[in-house]
Amino acid sequence: PRGSVVKVTLERAADKRLEVVELTRDVVAQPSIPDAYLIKPGVGYIDMTRGFNYTTMDELEEALAALRSQGASSLVLDLRNNPGGFLDQAIHVAEVFLPSGQLILTQKGRGPNRDNIYYSRNRAADTTPLDVLINEFSASASEIVAGAMQDHDRALIVGQTSFGKGLVQSIIPLDYGAGLTLTSAKYYTPSGRLIQRDYSDGGFYDYYTRGGSQALERKEAAPKPTGSESKTDAGRAVYSGGGIAPDEEVARRAVTNVQLRLRNPMFFFARELVNGHIAGEASYRVDSSIIEGDGLQTAGFPLSPSVHRAFKNFLATNSSWASLGAEVDRSREFVEVELGYFLITAAYGNTKGVQFLIQNDPQVAKAIDAVPRARKLASAASQYRAQP
């Protein structure tokens with residue numbers, strides 16, 4: 001029950017010391033915006049990867065206010081892996097950036113009783129230049145936001161083509177607590193694009209994996225929408241029936257199966273390293289220079305050659321890992337990023353660790369590079385004021 005206490009016995013990795021801690025059970029916050037910060041001077045980054053819940057718009061307003069106070073003059077809104085959520089929150093998020101009167105979304109069913117049109121009612125819309133990051137796992141509500149931003153030329157869309165889920169589903173209750181999910185309408189972006197990807201050819205598994213396990217192993221990019229053509233406010237061509245295609249297409253960092261096998265030993269090596277159990281690498285101890293800020297930083301984290309050698313030696317001590325030694329040299333960049341994440345997490349916590357991964361993400365890097373183009377779009381978008 002909430003408020004009850006549980007005792008947990010921990011064994012410290014540094015010295016095998018046992019420690020008993022008391023935890024009070026409580027509600028764990030699950031914010032839809034877990035982090036927002038300046039990713040570089042003047043560029044604010046907003047993590048909106050967890051979906052849209054009851055407080056998403058309020059969280060966004062708080063994040064924007066904090067970033068403005070820190071000097072943000074442009075924004076990167078990360079909707080990658082965002083599976084969607086509450087429609088009204090997607091509408092409100094779009095409203096933050098679109099001025100009053102601009103169309104956000106049209107919902108069309110077989111009959112007029114299922115039709116709905118949503119316009120922005122914000123008379124003081126945020127005009128900060130904006131990049132929106134999406135990928136093949138951005139779906140539903142996140143596609144509504146990205147589509148509205150793109151159709152009104154309000155933001156530059158960066159990343160990969162989104163999932164393509166634009167169905168309105170109604171739940172019809174059945175006996176014994178069961179229910180029937182019936183598709184009753186579809187979502188269309190302001191330019192008239194259908195968000196939904198075609199699902200008539202193939203089964204349930206193929207739909208969710210875009211061609212099955214072979215496509216996943218090949219890491220194939222999602223096909224660009226090829227449906228009917230529409231125009232953005234500024235006259236750019238966009239296409240219907242396959243999600244939202246980015247303005248700047250950037251693949252995620254490719255990771256091989258062999259590289260994935262390195263992550264497990266990297267975790268254990270990092271634990272030994274931060275606890276001072278790796279000879280000659282005392283500067284990486286979490287209770288010495290690292291915690292004081294003289295060692296690890298959240299950006300630009302090159303590992304010394306001695307750490308690479310130590311990691312290879314560590315792999316050799318375990319028969320199941322020994323064959324991976326050569327991969328350390330072949331995948332030096334991957335090792336630096338992943339091992340850097342584990343070390344920074346140990347020193348500063350998971351939030352800083354994730355920030356380090358974001359700052360070394362090729363899609364984020366492209367979004368930052370594209371800020372000047374986003375600024376031009378924002379300037380051009382101010383000329384268009386569609387009225388209902």
Side-chain angles (χ1 to χ4, degrees), residues 32 46-53 56 76-87 89-91 93-94 104-108 131-151 155-169 181 183-228 230 238-255 361-364 366-367:
S32 54
I46 301 174
D47 183 341
M48 195 184 285
T49 58
R50 295 185 177 182
F52 293 78
N53 64 26
T56 299
V76 174
L77 179 64
D78 194 347
L79 292 176
R80 293 175 301 172
N81 304 312
N82 186 314
F86 295 124
L87 171 63
Q89 290 296 308
I91 300 298
V93 167
I104 295 174
L105 177 70
T106 301
Q107 175 182 306
K108 295 180 181 179
D131 286 343
V132 174
L133 280 165
I134 60 172
N135 65 6
E136 67 268 39
F137 302 111
S138 303
S140 192
S142 58
E143 294 177 289
I144 289 171
V145 172
M149 297 299 106
Q150 188 176 51
D151 282 4
L156 191 72
I157 310 300
V158 179
Q160 298 162 287
T161 300
S162 62
F163 184 84
K165 183 183 184 304
L167 301 179
V168 182
Q169 295 173 318
T181 301
T183 297
S184 52
K186 294 180 179 180
Y187 290 135
Y188 295 81
T189 70
S191 68
R193 285 185 290 168
L194 173 64
I195 294 175
Q196 179 61 39
R197 174 163 49 93
D198 179 47
Y199 52 87
S200 61
D201 183 18
F204 182 84
Y205 178 76
D206 289 339
Y207 175 66
Y208 277 97
T209 62
R210 297 183 185 272
S213 58
Q214 291 182 345
L216 288 177
E217 291 171 2
R218 293 193 298 268
K219 297 181 176 60
E220 292 179 350
K224 292 183 178 181
T226 56
S228 58
S230 299
V238 287
Y239 298 90
S240 181
I244 306 301
D247 302 308
E248 292 280 356
E249 186 168 0
V250 188
R252 65 184 183 275
R253 178 182 282 111
V255 179
D361 186 307
Q363 292 177 329
V364 175
K366 183 62 176 180

Heavy-atom side-chain proximity of [X] to [Y] below 4.5 angstrom:
X: Phe163; Y: Glu136; answer: no
X: Leu167; Y: Tyr199; answer: yes
X: Met149; Y: Leu77; answer: no
X: Ile134; Y: Ile244; answer: yes
X: Pro190; Y: Leu105; answer: no

What residues, two or more places apart in sequence or in another chain, satisfy side chain to side chain donor-acceptor pair (under 3.5 Å) together with [X]?
X: Asp361; answer: Arg80
X: Ser32; answer: Thr56, Glu59
X: Gln196; answer: Tyr207
X: Glu248; answer: Arg373

Pair listing, salt bridge (Lys or Arg N to Asp or Glu O under 4.0 Å) test, anchored in residues 184-195, at least two apart: Asp151-Arg193

Which pair of heavy atoms, one from [X] and one from [Y], lies closest together, and at what distance?
X: Pro246; Y: Gly159; value: CG-O, 3.4 Å
X: Ser140; Y: Pro83; value: CB-O, 3.8 Å
X: Ala141; Y: Phe86; value: CB-O, 4.4 Å
X: Leu133; Y: Asp78; value: CB-OD1, 3.7 Å
X: Ser138; Y: Ser162; value: O-CB, 3.3 Å

Verdict with reasoning, Leu79 to Val145, per side chain to side chain contact (heavy atoms under 4.5 Å, CB included): CA-CA 9 Å; Leu79 292 176; Val145 172; 4.1 Å; yes

Check side-chain contact (heavy atoms from CB on, under 4.5 Å) between [X] and all other residues, then give those that pass, not counting sequence neighbours.
X: Ser228; result: Ser240
X: Asp198; result: Ser200
X: Val250; result: Val158, Gln363, Lys366

Any residue meeting salt bridge (Lys or Arg N to Asp or Glu O under 4.0 Å) with Lys165, in chain and number order, not counting sequence neighbours: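 Residues passing salt bridge (Lys or Arg N to Asp or Glu O under 4.0 Å) with Lys165: none at all.
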
Set of residues satisfying salt bridge (Lys or Arg N to Asp or Glu O under 4.0 Å) with respect to Asp47, sequence neighbours excluded: none

Under 3.5 Å donor-acceptor, Ser191 side chain and Ser230 backbone: no

Sidechain-backbone polar pair: Asn135 side chain, Gln160 backbone, donor-acceptor under 3.5 Å: no

When rounded to the nearest 0.5 angstrom, what distance separates [atom1] in [X] from [atom2] in [Y]?
X: Leu156; Y: Asp247; atom1: CG; atom2: CG; result: 5.0 Å
X: Asp131; Y: Ile157; atom1: CG; atom2: CD1; result: 8.5 Å
X: Tyr187; Y: Lys108; atom1: OH; atom2: NZ; result: 14.5 Å

